[in-house]
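Following: one structure in structure tokens, then a few remarks.
Values below: every heavy atom of this structure, side chains too, minus hydrogens, waters and symmetry copies. In what follows, chains carry the letters A, B, and so on, assigned in the order in which the sequence lines appear, proteins first and then strands, with residues in each chain numbered from 1.
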Protein chains: 2
Amino acid sequence: MATPKRQQRTLSIDRIVATSIELADRHGLDALSMRGLAGRLDVTAMSLYNHVANKDALIDLMLEVVVVEIVAPDIDKPWRDMMRRRAISMRKVLLSHPWAARILVSRISLGDAAVRDIDVTTGCLVTNGFTYAQADWARNAINNHVYGFILQELNFPVEPNDYRAAAAQYLPAIDQHKFPFMYAGALEIIEGTYDGILNFEFGLDLILEGLERWIGT
Amino acid sequence: MATPKRQQRTLSIDRIVATSIELADRHGLDALSMRGLAGRLDVTAMSLYNHVANKDALIDLMLEVVVVEIVAPDIDKPWRDMMRRRAISMRKVLLSHPWAARILVSRISLGDAAVRDIDVTTGCLVTNGFTYAQADWARNAINNHVYGFILQELNFPVEPNDYRAAAAQYLPAIDQHKFPFMYAGALEIIEGTYDGILNFEFGLDLILEGLERWIGT
DNA sequence: ACCTGAACACCGTTCAAGT
DNA sequence: ACCTGAACACCGTTCAAGT
């Protein structure tokens, strides 16, 4: 008898953000529209503006949720283990939200989670003897490796397992005289001299070793 | 007597790309629309599609022009000098086209200029004794530093010269109990113990030294 | 307080029609 | 061969009006 109620306060900022992350994870951030998001929430696009200032503010909120997922360093444990754990966690989180890395490197986030990450990462380093200047350097070196590696990983059109097959397939298309080293590199991959695979943790450890030596001096 | 001709073959792919770069440099890539670009060229938006497949293809062409501006390594000169020169050139180029870095890290470019950069950079390294595996690592380490540094530089809301004033201004807004290291770091900047400035070439040299030591073993 | 209809000022792109 | 008018299927956002 009761007609279906239409305004049943179904919307909340948390539900909006969670749903938009879900949609972005599935279809990419470019495919996320205020209208599409609203549709998913059984509401009109305009309703969203009662909870969020605009699309950009929504994206900031989405990033906050992603950054919270990163395992934070324990301030008073050995910095190398903690930096390693944080970087590995960042990779896992950013691979599970493939839209996030591109946005994280495109803006300076001043949200609570992002500031907390900086605070606690810096904290772990200075507690372990880094100066603030050194901690800034270390944090950036690690972040650059993580972001750079993951962006490549996300954008690369071929899976590591298929490198060899892909090299064999595309070798004839590489102009040997124009790009001799590209050609030679592809040959190495085909012949198995080099697998072409970059290992995330190997590069990470190179950086951590470099930092260790650097602050030691 | 002659009525003004309307189809005077004013358009060319080069003119389209050059104008779109000019507009993106000035107003940002987000403000670049096919319609706006066409207007700048005194033509309707649809005319552009006679010269370029779509907006994405146009952006690829824009990137090519940017990448060409980067000073390429000389294959048979000392790798450290060449990598240094290339990185410094990349920074200059990417700062003069502030929209470009964000896009470069968001896709794998297979354009001629991008492939040439990989080829010649790899070439310089292997000619100087790197294996292909080591060259891949080195190239990525350098690129990650350059991109990471520049993206921070482009996005950071405060000029290095204003760090101290900004720190003084925002210190009261930092919750000392919530973010103690952030607070302490800001204090160091205010007191002049640390200027907060990251030096591009210093970080670059740390990486180059690390690479030197790494391939030496 | 929260949701909505209608509207504004845009987008990228297609396609048939013009010269 | 190249340019265009009209149209399609979208956008984000504002604002007054509803409950």
Please determine if a side-chain N or O atom of B:T44 lies less than 4.0 Å away from the OP1 or OP2 oxygen of D:dC3. no
Counting just side-chain N and O atoms, does B:H51 come under 4.0 Å of either OP1 or OP2 of D:dC3? yes
What nucleotide, of [options], holds the atom closest to the side chain of [X]?
{"X": "B:M46", "options": "C:dC2, D:dG5, C:dA6", "result": "D:dG5"}
{"X": "A:M34", "options": "D:dG12, C:dG12, D:dT4", "result": "D:dG12"}
{"X": "A:R35", "options": "D:dC11, D:dC2, C:dC15", "result": "D:dC11"}

Partner nucleotide of [N] by Watson-Crick or wobble geometry (both distances under 3.5 Å):
{"N": "C:dA17", "result": "none"}
{"N": "D:dC3", "result": "none"}
{"N": "D:dC8", "result": "C:dG12"}

Spacing between [X] atom [atom1] and [N] atom [atom2], to the nearest angstrom:
{"X": "A:D42", "N": "C:dC2", "atom1": "CG", "atom2": "C1'", "answer": "16 Å"}
{"X": "B:D56", "N": "C:dC11", "atom1": "CG", "atom2": "C1'", "answer": "15 Å"}
{"X": "B:L48", "N": "D:dC2", "atom1": "CG", "atom2": "P", "answer": "14 Å"}
{"X": "A:N54", "N": "D:dT14", "atom1": "CG", "atom2": "P", "answer": "8 Å"}
{"X": "A:N50", "N": "D:dT14", "atom1": "CG", "atom2": "P", "answer": "12 Å"}
{"X": "B:H27", "N": "C:dC11", "atom1": "NE2", "atom2": "P", "answer": "13 Å"}
{"X": "A:K55", "N": "D:dC10", "atom1": "NZ", "atom2": "C1'", "answer": "12 Å"}
{"X": "A:Y49", "N": "C:dC3", "atom1": "OH", "atom2": "C1'", "answer": "15 Å"}

Under a plain distance cut-off of 3.5 Å, with no hydrogens placed, do B:Y194 and A:D136 share a side-chain donor-acceptor pair? yes
I'd like to know if the side chain of B:N144 pairs up with that of B:R139 as donor and acceptor (distance under 3.5 Å, no hydrogens or angles considered). no
Pair A:E22 + A:R40: basic N to acidic O under 4.0 Å: yes
Determine, for B:D60 against B:K55, whether the closest basic-nitrogen to carboxylate-oxygen distance falls under 4.0 angstrom. no
Nearest-Å distance once atom P is located in both C:dA9 and D:dA9: 23 Å
With heavy atoms under 4.0 Å as the rule, sort A:S47 into base, sugar-phosphate or nothing. base
Have a look at B:L37 and say if it touches a base, only the backbone sugar-phosphate, or nothing, with a 4.0 Å heavy-atom cut-off. nothing
Pair B:H145 and B:F200, ring centroids less than 6.0 Å apart: yes
